[in-house]
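The next block holds one structure in the form of structure tokens; read it before the comments.
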Amino acid sequence: MSTEARESLNFIEQIIAEDIANGKHNGMVHTRFPPEPNGFLHVGHCRAIVLNFDLGLKYGGKTNLRMDDTNPSTEKTDFVDNIKNDIHWLGYEWANDVLYASDYFGQLYDFATQLIEKGLAYVDDSSAAEIAATKGDTTSPGQNSPYRSRSIAENLDLFARMKAGEFPDGSRVLRAKIDMAAPNLLLRDPVLYRIKHEHHHRTGDAWCIYPMYDFAHGQSDSIEGITHSLCSLEFRHHRDLYDWLIEKLEIFPSRQIEFARMNVTYMITSKRKLLKLVEEGLVSNWDDPRMPTIAGMRRRGYPAAAIVDFCRGIGLTKRDNMIEIERLEYHVRQELNQSATRVMAVLDPLKVVITNYPAGQVEWLATENNPEDPESGTHELPFSREIYIEREDFATEAPNRKYFRMAPDRDVRLKSAYILHCTGYETDPATGEVTEVHCTYYPDSKSGEDTSGVKAKGTLHFVSIAQAVKAEVRMYDRLFTDPNPTNHEDRDFLEFFNPDSLTVITGYAEPSLAQAAPGAAYQFMRLGYFVADESTRPDAPVFNQTVTLKDSYRP
RNA sequence: AGACCUAUGGUGUAAUCGGUAACACAGCAGAUUUUGGUUCUGUCGUUCUAGGUUCGAGUCCUAGUAGGUCUACCA
């Protein structure tokens, strides 16, 4: 009864549990995921999405999806659609419709006016360079702006005229009047509004002044009644300003809590750097299967459930972390092992002729769709005199006692078919390369009805040559040659781009693969998991390697 | 150099008013296996340092050390 282990809560859950116990916000929990629609979502966002939406689900609250679109220069509606699609794909549903910080521009303007009226904000005519120059630094205080002591009336007038479009870009800003000597640089009269005569993807030309992050994010949280506003560690310093604004504006007290964002080896999460990969043509696009974007991982064949499980499993702290990609791959394999249909495909073919099998004869053999799922049934694949096996599965001489693949005078089973006895092989006189292998088969060794008594230690996959379908197979390796490519002070991350991260080959697949539906997951037996690419067609099947199988064979 | 944040196996986390440092991934070894997959078993290895408080410290205190963040009209 009382032997059940106490549930281990992460530090944010502890805070929430405490707030609920104390009756804060009447026990309500309301979170949000606030992406800026200026790029594709990536692994790092997955962690934040899972965290915020799971918390909403767990504590009976809601989670908003809010586009943080306060900078008209970089944001686009296209990105909004991708973001919505990615979140849905992960399996989450947001409360209400999608919300936009830009919907609050009117409210935000009123907040700014209130601040001016309280003598807590002023219009500064200084240039960006002047503001930066008088900011001081970590060891010395800044200097007050000469415009800091303008009257409230003058500030009100100037701010209204900023909004009216009377001034050019960069000529004036609205600043909070806090403390130019504050140890936290963000509190040294931070800029609240800037002038940008630019078209906004939603508000059009209605505004020519736009709020800065610090004067939009926290206020949006407050307007929406967000109880726990979760963000990454680098926003710690912003919290002082976040709290100051809420206090001075006397609005709903959302609470910001910072956590360490997730880093994964061989993956980068800088939007700027991901964009560079696309622009330089090193990857095909944002959804290239090598990209750590949600779109890329989806196209790579990573199941949404695997990504979500991964994010849930890594815990949550305030420590910088670097999670090994093997852990993500573990979840991908675990998920795919349960769901992927088993098929056979040979990627590096070596012809095998079964000399005692009648030429022209074809047998259709039943093979399990998925041994992990008894309900999954079987499908049929052809067997005939001439087949392909993996070149790697043949050796002219068995290297050691632990080798149990094909070699002269050895017996080996063909998965779901017969046991073969290797009688010899032919080589290219010029190169010495093996060109063909000869075998005989044991007619009474058919899978499921084997009475041969022959013991074969190894089992190989194969395809019947006559019925095999050629497929384009894209083999992937890590995108970078270094687990943390952006961590080198003296070298650009592109120096670590792995030129072998994509290898396109022609494989030979069992005929059922011609009908693969885009997105369908398969296990090419003994090779790995593959997904039918969105471009796959019956006459030209295309597969992306998702991840290899774990391989404990060591020659 | 200033403020703030963080230090637990190779990696990520747990240990909830101070009470035997545990789980997962990775690694290694073995069993099972018509996928050298899956599954199962075993194994390796951990509290940054120095003081202090205490019967007892990963946990509390002090001082160091190391790493991270911050001086955009980006978010």
Side-chain angles (χ1 to χ4, degrees), chain A residues 5-10 14 17 34-36 38 68-71 73-75 124 126-129 131-133 135-140 142 169-175 182-186 188 190-196 209-210 212-214 216-217 231-240 258 260 262 265 271 310 313-331 333-334 337-338 342 344 367-368 371-372 402-405 413-417 419 445 447-448 450 456-461 523-529 548-554:
Chain A
R6 195 188 315 202
E7 186 195 11
S8 173
L9 301 178
N10 65 48
Q14 285 176 35
E36 182 189 10
N38 70 345
D68 227 340
D69 57 352
T70 57
N71 185 354
S73 315
T74 56
E75 293 144 7
D124 194 332
S126 306
S127 68
I131 289 177
K135 196 103 184 176
D137 60 29
T138 53
T139 50
S140 56
D169 290 5
S171 59
R172 273 167 242 260
V173 290
L174 182 73
R175 289 228 259 172
N184 180 347
L185 289 302
L186 279 159
R188 320 250 260 228
V191 172
L192 266 23
Y193 265 94
R194 77 283 214 184
I195 301 172
K196 266 179 187 275
I209 56 171
Y210 292 93
M212 298 290 291
Y213 165 83
D214 286 303
H217 195 91
C231 63
S232 49
L233 248 32
E234 64 265 33
F235 289 94
R236 165 61 191 93
H237 303 288
H238 292 256
R239 191 172 81 216
D240 294 339
E258 311 87 24
M262 173 181 82
T265 57
K271 276 185 201 169
F310 167 71
I314 59 171
L316 185 76
T317 64
K318 296 176 80 164
R319 291 176 227 155
D320 291 328
N321 59 77
M322 180 61 73
I323 298 153
E324 294 169 332
I325 197 171
E326 287 80 1
R327 185 163 178 143
L328 208 205
E329 293 177 338
Y330 163 80
H331 287 282
R333 290 193 183 100
Q334 183 172 267
N337 180 47
Q338 298 302 316
R342 269 59 169 178
M344 289 195 241
T367 186
E368 282 179 300
E372 301 297 316
K402 303 267 272 185
Y403 180 88
F404 40 88
R405 272 117 106 137
R413 174 171 285 284
L414 255 23
K415 174 71 183 172
S416 298
I419 294 175
S445 66
S447 272
D450 182 1
K457 292 205 74 171
T459 301
L460 308 185
H461 61 280
Q523 184 196 95
F524 288 4
M525 275 195 284
R526 302 209 308 132
L527 295 175
Y529 293 100
T548 61
L549 249 29
K550 273 191 71 174
D551 187 1
S552 57
Y553 173 61
R554 269 167 203 79

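Treat the numbers as computed from the prediction; the structure is a model and nothing was measured. Throughout, a chain's letter reflects where its sequence line sits, starting with A, and its residues are numbered from 1.
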For the pair made of [atom1] in [X] and [atom2] in [N], what is the distance, rounded to whole Å?
X        : N     : atom1 : atom2 : answer
A:Tyr330 : B:A26 : OH    : P     : 7 Å
A:Met262 : B:G68 : CE    : P     : 20 Å
A:Leu9   : B:U16 : CG    : P     : 12 Å
A:Asp240 : B:U69 : CG    : C1'   : 13 Å
A:Tyr213 : B:A75 : OH    : C1'   : 7 Å

Looking at every strand, decide which applies to [X] at a 4.0 Å heavy-atom threshold: base, sugar-phosphate, or nothing.
X        : result
A:Gln523 : base
A:Thr367 : nothing
A:Thr317 : sugar-phosphate
A:Tyr193 : nothing
A:His238 : base
A:Gly448 : base
A:Lys196 : sugar-phosphate

Check whether the side chain of [X] and the base of [N] form a donor-acceptor pair under 3.5 Å.
X        : N     : result
A:Glu372 : B:G37 : yes
A:Glu324 : B:G12 : no
A:Arg405 : B:G36 : yes
A:His461 : B:U35 : no
A:Arg188 : B:U71 : no
A:Arg413 : B:U35 : no

For the side chain of [X], counting heavy atoms from C-beta on, which of [options] is nearest?
X        : options             : result
A:Arg342 : B:C73, B:U35, B:C74 : B:U35
A:Val173 : B:U69, B:C73, B:U13 : B:C73
A:Lys318 : B:C74, B:U6, B:C73  : B:U6

Handout entry: B:U20 to B:U46 separation - C1' atoms, rounded to the nearest Å
Key =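 Taking atom C1' in both B:U20 and B:U46, they lie 15 Å apart.
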Practice task
With C1' as the reference atom in both, quote the distance from B:C61 to B:C23 in angstrom, rounded to an integer.
Solution key: 31 Å
